[in-house]
Protein chains: 2
Amino acid sequence: MTSRDGYTWTPTSGLVAGVPSLGVITPPTNIVTSEAEYDVIVVGAGYCGLTAARNAAVEGLRVLLLEGRDRVGGRSWSSNIDGYPFEMGGTWVHWGQANTWREVVRYKMANDVEKSFDFSRGVRHFELNIGDQGSTMSHEDEDALLAAALNKFTNVDGSYGRDVIPLPYDTFHTPTATKLDDLSAQDRIHEIAGSLSPDERAALESFVLLCSGATLSTMSFLEFMHWWAICGYTYAGCMDMLITWKFKGGQSTFATKFFQEALATNRLAYAFNTPVQRIQDTGEKVRVTTRDGRQYHAARLISAIPLNVLGGVAFDPPLSAGKRAAIAKGHVNQCTKVHAEISNPDLRSWTGVTYPHNELMYAIGDGTTPAGNTHIVCFGGSNKHFDPETDIDATKRVVTSMFVQQKAEPEVERLVFHNWSKDEFAKGAWFFSAPGFLAKHLEHMRERHGNVLFANSDWAVGWRSFIDGAIEEGTRVALEVREELAMAAKVHTAATARP
Amino acid sequence: MTSRDGYTWTPTSGLVAGVPSLGVITPPTNIVTSEAEYDVIVVGAGYCGLTAARNAAVEGLRVLLLEGRDRVGGRSWSSNIDGYPFEMGGTWVHWGQANTWREVVRYKMANDVEKSFDFSRGVRHFELNIGDQGSTMSHEDEDALLAAALNKFTNVDGSYGRDVIPLPYDTFHTPTATKLDDLSAQDRIHEIAGSLSPDERAALESFVLLCSGATLSTMSFLEFMHWWAICGYTYAGCMDMLITWKFKGGQSTFATKFFQEALATNRLAYAFNTPVQRIQDTGEKVRVTTRDGRQYHAARLISAIPLNVLGGVAFDPPLSAGKRAAIAKGHVNQCTKVHAEISNPDLRSWTGVTYPHNELMYAIGDGTTPAGNTHIVCFGGSNKHFDPETDIDATKRVVTSMFVQQKAEPEVERLVFHNWSKDEFAKGAWFFSAPGFLAKHLEHMRERHGNVLFANSDWAVGWRSFIDGAIEEGTRVALEVREELAMAAKVHTAATARP
């Protein structure tokens with residue numbers, strides 16, 4: 001099936017909107033009557049909404065799942081082209097991500113992962129292009145460079161962050177942490193600038209921008225430290241957990257498992273292509289009005305809508321001042337991710353940084369396509385933001401500008417991407433916070449609003465911004481809803497067996 | 001409430017069998033009729049059985065939970081004495097343990113953990129006593145010593161095990177791994193002996209014996225490599241994940257959450273103090289006979305019985321030859337764990353190894369008790385196995401022999417321990433495999449037997465031997481049973497709502 005989301009370009013097809021994905025759900029709805037009774041309505045079918053809907057349905061609740069898109073997965077989905085998966089958004093998983101890996105094992109997918117990196121052949125080096133200065137180095141030297149730079153960046157306490165964030169699931173566990181949230185990455189770099197070589201500084205800046213999709217001055221230093229801590233306080237840990245292991249079949253093979261399990265209960269009603277316009281809590285129940293004017297109601301509603309999108313939904317009664325302030329500010333990640341098929345098969349083991357002058361700044365060899373081309377995945381962000389679909393020739397130049405140290409400029413045979421900034425259901429990529437934002441608004445984002453519960457990876461306490469945080473949040477609210485409804489003796493399946 | 005399990009000793013009370021625990025369940029049963037219909041019987045209320053019973057009950061099945069002990073938790077439970085928890089078995093948890101941490105967050109306990117270590121005060125050093133040679137060093141030097149020794153031990157592939165075990169959830173992913181399973185730790189030490197200093201060798205040997213509870217020649221080298229890999233291939237990772245974070249209130253505060261959630265469904269029947277004698281699969285259903293002659297039956301049975309205990313249960317029809325062979329061999333961990341309250345409060349920041357001549361060989365300062373004493377936890381194993389309850393004066397000497405480099409020998413004010421080797425429901429501590437065992441028998445242990453499913457941390461694929469592996473296994477079989485019964489249209493709660 002083909003989703004409306006995403007773009008492909010090849011020399012023969014030109015730019016095409018919409019790409020094939022296993023995450024597209026057909027038929028798009030299974031609702032037979034608008035009169036149905038639901039225990040809970042879940043808005044959003046990313047990993048958070050899928051988890052909430054699945055858990056609620058499996059545990060006996062009648063669930064209605066509403067989604068604006070034609071597919072599951074939200075900000076994490078894959079497009080399978082000629083049987084080869086391109087990851088349009090969230091990609092990598094690791095066994096250190098508790099909620100994700102619990103599901104990976106549960107769905108017997110622990111052996112269905114493979115490494116993005118393969119440093120075994122062809123051009124086995126890292127190239128670092130800073131303005132018009134360029135050099136190449138081995139991947140061992142790349143690791144040493146990044147590790148040295150990141151150790152300087154993170155060592156605010158003599159223990160590389162272990163004292164400041166001893167418990168990554170409690171970012172603000174220490175008073176110092178709050179102060180560090182006021183710093184931007186730029187502020188921290190100014191503190192240590194004298195100790196950084198030009199190569200270290202460029203590698204460091206491009207790496208933290210890869211994490212944030214923002215600019216150095218718009219990203220919170222503490223939020224980066226939170227990533228660093230949860231990855232084990234080392235660069236090696238960051239690489240292992242952030243950018244190494246991906247699903248052989250693509251993210252959508254994972255997301256569809258949640259949906260299928262929920263559907264098999266016969267307690268899941270769903271409607272895709274159904275954006276929500278208004279959420280009204282009468283006190284007795286919650287009524288949702290879709291953009292096309294349909295209405296549904298339930299005892300509870302779980303909003304799995306991302307922070308940057310919540311402003312487009314009308315809430316009655318209005319949300320709290322704190323939540324409205326958080327929504328008005330939003331998060332700062334405007335990552336651009338572009339996949340390119342490159343004619344040179346020898347680039348499989350290549351990685352590179354071209355910074356700060358290029359619109360894409362960080363790229364790695366990510367696979368070999370069925371055509372035998374090298375698959376390169378490239379990242380940019382707010383630093384020099386661009387919309388890849390606007391001018392494909394320019395986008396191809398931005399991609400080939402990553403390869404300065406190669407004998408011949410590689411030919412671009414295919415582009416695949418999703419413009420998350422222009423996506424009305426995302427308005428940005430994964431959550432990344434501006435300085436001061438989390439200390440002020442984390443609790444606002446997490447708070448419920450009467451019978452409406454808010455769940456999203458954007459305000460998870462652990463792997464916030466990750467698939468794992470989405471599952472954490474979906475799990476949290478599904479349990480809360482079940483326990484509340486059981487307490488109120490409203491769960492119709494409860495009154496069965498007694499021992 | 002007081003459990004039959006465990007022992008305490010103080011100068012005034014002498015040796016007392018049975019210790020208080022929050023894990024004791026009262027009333028010990030809620031069964032009102034032996035005629036009740038169950039979908040599934042779960043045998044064993046450790047974390048594996050608790051998870052299986054909870055998931056099944058929450059997801060609509062009628063569950064009977066049978067347990068030989070008077071408490072939940074199996075090989076992981078805590079005794080709260082004067083409000084202070086002593087961990088009798090499995091203790092430490094970490095956010096890198098997927099199944100455990102998913103539950104920790106779900107039960108809102110992520111902030112209920114604290115570090116065992118506190119290196120801030122008093123005697124802040126590591127003492128290493130090898131025979132009659134002894135020395136002290138800083139904890140930084142301790143870490144450097146262990147890291148150097150373990151790096152030599154694990155570096156079989158030039159990448160500290162990353163090539164041999166790239167995927168810790170698939171131990172035998174590479175052909176090399178199978179060969180390494182034939183090696184004992186002793187074999188591997190012989191390979192690298194020339195490169196180890198005496199201090200490195202003693203520290204290394206005591207550390208790997210701490211992990212296995214076995215002897216160097218009876219423990220599989222690959223199984224240790226599996227621990228090393230899943231901890232991130234570093235000594236720092238091992239320390240973080242194996243022995244740092246524990247529950248402030250003790251393990252039993254965690255285990256009881258699973259039980260209470262299951263009970264709240266009204267679909268959980270349970271009986272403690274009810275050892276199982278015979279499990280008979282008629283093909284139509286499974287009948288279990290308890291030691292006191294009661295019989296129960298259900299569509300499926302989940303055995304959460306540990307490997308070393310399975311031989312004491314009669315199965316009809318008999319188990320497969322492979323499973324019987326695995327049971328006959330068993331696992332090799334006979335760890336002895338002894339808690340001691342020590343009169344000297346300055347020992348809070350102390351750690352020590354006394355090896356190989358002492359019955360306890362590895363110990364750390366683990367807390368400060370309400371009386372102001374230092375709480376020390378000490379570990380021994382098969383190396384010089386002993387039963388701490390047999391001769392308390394001897395046990396006190398074994399404890400004080402850990403402190404060779406102190407000005408005054410500390411006074412022992414209290415001992416707390418559980419003799420896992422003499423425990424009929426454990427017959428050993430956490431699973432550790434002999435050379436060759438896993439390559440041959442992992443799949444035998446995991447295989448089902450008609451309508452009987454076998455789940456235990458002893459054969460988990462990830463954190464095998466850990467609480468996490470228990471939850472992994474309970475999750476696996478609960479899902480399998482639910483899907484089977486749903487498929488057979490036997491789930492009595494299924495036929496309710498349709499969207």
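Any value given below was found using the heavy atoms of this structure, including those in side chains, with hydrogens, waters and symmetry copies removed. Below, chains carry the letters A, B, ... as their sequence lines are ordered, and counting in each starts from 1. Keep in mind that what you see is a predicted model, and the values were worked out from it rather than measured.
Partner of Trp101(A) under the ring-ring contact (aromatic ring centres under 6.0 Å, His included) criterion, chosen from Trp95(B), Trp101(B), Tyr169(B): Tyr169(B).
Ranked by heavy-atom pairs under 4.5 Å with chain A, the list Pro168(B), Gly232(B), Gly237(B), Gly462(B) is led by Pro168(B). Of the listed residues (Asn111(A), Thr100(A), Val105(A), Ile471(A)), the greatest number of heavy-atom pairs within a distance under 4.5 Å of chain B belongs to Asn111(A). Ranked by heavy-atom pairs shorter than 4.5 Å toward chain B, the options Glu480(A), Arg476(A), Glu261(A), Met241(A) are led by Glu261(A). With chain A as partner, the option from Ala57(B), Ala110(B), Pro166(B) having the largest number of non-hydrogen pairs under 4.5 angstrom is Pro166(B).
A distance of 7.5 Å separates CZ of Arg106(A) from CG of Asn55(B), quoted to the nearest 0.5 Å. Here the OG1-CZ distance, from Thr265(B) to Arg482(A), works out to 8.5 Å after rounding to the nearest 0.5 Å. Rounded to the nearest 0.5 Å, atoms CG (Leu167(B)) and NZ (Lys115(A)) are 8.5 Å apart. The structure places OG1 of Thr475(A) at 9.0 Å from CD of Glu103(B), a figure rounded to the nearest 0.5 Å.
Within the 4.5 angstrom heavy-atom criterion, atoms from both the backbone and the side chain of Val58(B) approach chain A. No part of Glu37(A) comes within reach of chain B, as not one of its non-hydrogen atoms sits under 4.5 angstrom from that chain.
Contact record, Arg162(A) with Ala236(B): NH2-CB, 4.1 Å, taken as the closest heavy-atom pair.
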